[in-house]
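First the proteins, then the strands, lettered A, B, ... as listed; each starts at 1.
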2 protein chains.
Amino acid sequence: MPKLDESLLIGLPPFSLLARSQIREILDQAVSRRYDEGTAIFREGHDADRFFLLLDGYLRVIRSTPGGDQIIVLHISPGQLFGIAPALQRDTYPATSIAAAESLALSWPVRLWSEFTANYPGFATESYKTLGQRLGQIQETLTEMATQAVEKRVASALLRMVHQSGRKVDTGIEIAFPVTRQNISDMTGTTLHTVSRLLSAWQKDGIVESSRKRIVVTDPHRLVVLSDLQG
Amino acid sequence: MPKLDESLLIGLPPFSLLARSQIREILDQAVSRRYDEGTAIFREGHDADRFFLLLDGYLRVIRSTPGGDQIIVLHISPGQLFGIAPALQRDTYPATSIAAAESLALSWPVRLWSEFTANYPGFATESYKTLGQRLGQIQETLTEMATQAVEKRVASALLRMVHQSGRKVDTGIEIAFPVTRQNISDMTGTTLHTVSRLLSAWQKDGIVESSRKRIVVTDPHRLVVLSDLQG
DNA sequence: TCCAAACGTTGCTCTGAAACAAACTCCCGG
DNA sequence: CCGGGAGTTTGTTTCAGAGCAACGTTTGGA
């Protein structure tokens, strides 16, 4: 394990109030690991023995049913803590996380959680804030799933990904990690067929451009209209 | 405001480790209030200036869309903390809570939150545990909503209510608070018509008995089969 | 270089459940 | 005791979107 550089953590909310020496100490206790696209970082139901910080890449957090269906609950982007089951007194992970792109994450054993929250000002606060945002976001997804038609859900899902990971390219805003039609259907509770049709239609209308695993939103505003419009 | 009795809090998880004198102190700072069926305790988006403990009754936690649809995210039963936005660094409530039956709740101003977590052992722990359970539960609901057919969702919703509030009656297990067909459709993202048909069919099959706002599950096992069965 | 697997597209059919419509029943308040 | 509103039931119609099928395209590895 190569020695980690302090600059990795400086500026990230959970550690923003800390002195360089404290960051050094935190880093010295961390394990860093790279994950190939498609690899699981941890799985639903397994012992929650570590908590993580994503440094680079993107993750999908998924839950599956006994029947084999699965849905993508949310995405994690760089700088976020994840797998923070210990914060909620859980001893197993409630969901599975998979690298959506090649990713790099730090992790610490759970026993350090209480140490971090006790010693480092703002660490607990920031973690719970993150949790609060996720809870709110999931509630919103749930509401949408229960009340909105497929077309709107797919439009919203695209907008969420653009919002979380969008980067400017010449023709619009590109989602920064690979996304298949199947992935989108797993976010919206529909089928890949329906998603494919929608994307084709939107491409014809000049709202998106998509190729294999890659999506560029060329007209975000019209997508907002699609996702918002009552009726 | 009549003086509150210590026995109200004794035995409830957030306060279970406390001495009588500490409970007295907590109670002296509480406001107690009764809510008629259908009354809102707080509303989505409003300033989160208090946090609450439900002593008696049941609450529905709902979220609404701009388009006027609404869904029931979860129910709160006696003994649970709710409206604990301050724990998550939120300054507004993320959802609305409505008394599903006549209810009684204590509340405290948010500024006491940090005091409680600092002074009373186990208070923070218990609160975050509750939050963790809710997060897990909502994720499960979301998964179900995205993958399961209406019939299964309605069966699961009934089972969840039975599990949370069921009380034995001579013909089976009764859901302890008033539930309309509309309420169930708001939990499952369908229409009251569909729910009505399902309940009629299940009544014919001897699985449930229902009258206006009242539901008794007479054959929980068959309901489990309906909610579980793959395909 | 070629093959196979992964990913994407498109047409067609069929059905679950929403939408629309109309009574019916219970309960509460005047 | 009566009237009206809230909640429920049931029938009929309609259609979005799932399911099925078949084919096209890209990509990476042998």
Item to complete: May I have the distance from A/Met145 (atom CE) to D/dG17 (atom P), rounded to whole angstrom?
Response: 13 Å
Discussion item. Just N and O in the side chain of B/Arg181: are any of them under 4.0 Å from OP1 or OP2 of D/dT8?
Written reply: yes
Worksheet item: Is any side-chain N or O of A/Arg212 under 3.5 Å from a base N or O of C/dC7, one able to act as donor and the other as acceptor?
Response: yes
Fill in: The single option from B/Tyr35, B/Phe42, B/Trp108 passing ring-ring contact (aromatic ring centres under 6.0 Å, His included) against B/Phe52
B/Phe42
Practice prompt. Classify the nucleic acid contact of A/Ser210 as base, sugar-phosphate or nothing, counting any heavy atom under 4.0 Å across all strands shown.
Written response: nothing
Worksheet item: Which nucleotide in the list C/dT25, D/dT26, C/dA19 gets nearest to the side chain of B/Thr191?
Response: C/dA19
Discussion item. Looking at D/dA18, I'd like to know if its phosphate oxygens (OP1 or OP2) sit under 4.0 Å from a side-chain N or O belonging to A/Thr194.
Written reply: yes
Worksheet item: Ignoring hydrogens and angles, are the base of C/dA17 and the side chain of B/Arg197 linked by a donor-acceptor pair under 3.5 Å?
Response: no
Worksheet item: So does B/Glu140 pair up with B/Arg160, basic N to acidic O under 4.0 Å?
Response: no
Worksheet item: When you match B/Gln182 and A/Thr190 each to their closest nucleotide on DNA chain D, which lands nearer the 5' end?
Response: B/Gln182
Item to complete: Grab the CG-C1' distance between B/Asn183 and D/dT8 for me, whole Å please.
Response: 13 Å
Practice prompt. Give the rounded distance in Å between these two atoms: CD of A/Gln148 and P of D/dA16.
Written response: 16 Å
Practice prompt. Take atom CG of B/Leu198 and atom P of D/dT8, then tell me their distance rounded to the nearest Å.
Written response: 14 Å
Discussion item. I want to verify a distance call: between D/dG17, D/dT8, C/dG8, whose nearest atom is closest to the A/Ser196 side chain?
Written reply: C/dG8
Worksheet item: Atom NZ of A/Lys213 and atom P of D/dT25: how far apart are they, to the nearest Å?
Response: 20 Å
Discussion item. Just N and O in the side chain of A/Ser200: are any of them under 4.0 Å from OP1 or OP2 of C/dG8?
Written reply: no
Item to complete: Figure out the CD/P separation between B/Glu209 and D/dT9, and round it to whole Å.
Response: 13 Å
Worksheet item: Does the side chain of B/Gln148 come under 3.5 Å of the side chain of B/Ser156 through a donor N or O and an acceptor N or O?
Response: no
Worksheet item: Ignoring hydrogens and angles, does a donor from either the side chain of A/His193 or the base of C/dT10 sit under 3.5 Å from an acceptor on the other?
Response: yes
Response to the item:
Atom CZ of B/Arg214 and atom C1' of D/dA6 are separated, to the nearest Å, by 19 Å
Response to the item:
When rounded to whole Å, the CD1 to P distance for the pair B/Ile184 and D/dG7 reads 13 Å
Worksheet item: Counting only N and O atoms by type, is there a donor-acceptor contact under 3.5 Å from the side chain of A/Arg63 to the main-chain atoms of B/Leu142?
Response: no
Worksheet item: Contact class for B/Leu192 vs. all strands (heavy atom < 4.0 Å): base, sugar-phosphate, or nothing?
Response: base
Worksheet item: Counting just side-chain N and O atoms, does A/Ser211 come under 4.0 Å of either OP1 or OP2 of C/dG8?
Response: no
Discussion item. Salt bridge or not between B/Arg34 and B/Asp36? Use side-chain N to carboxylate O under 4.0 Å.
Written reply: yes
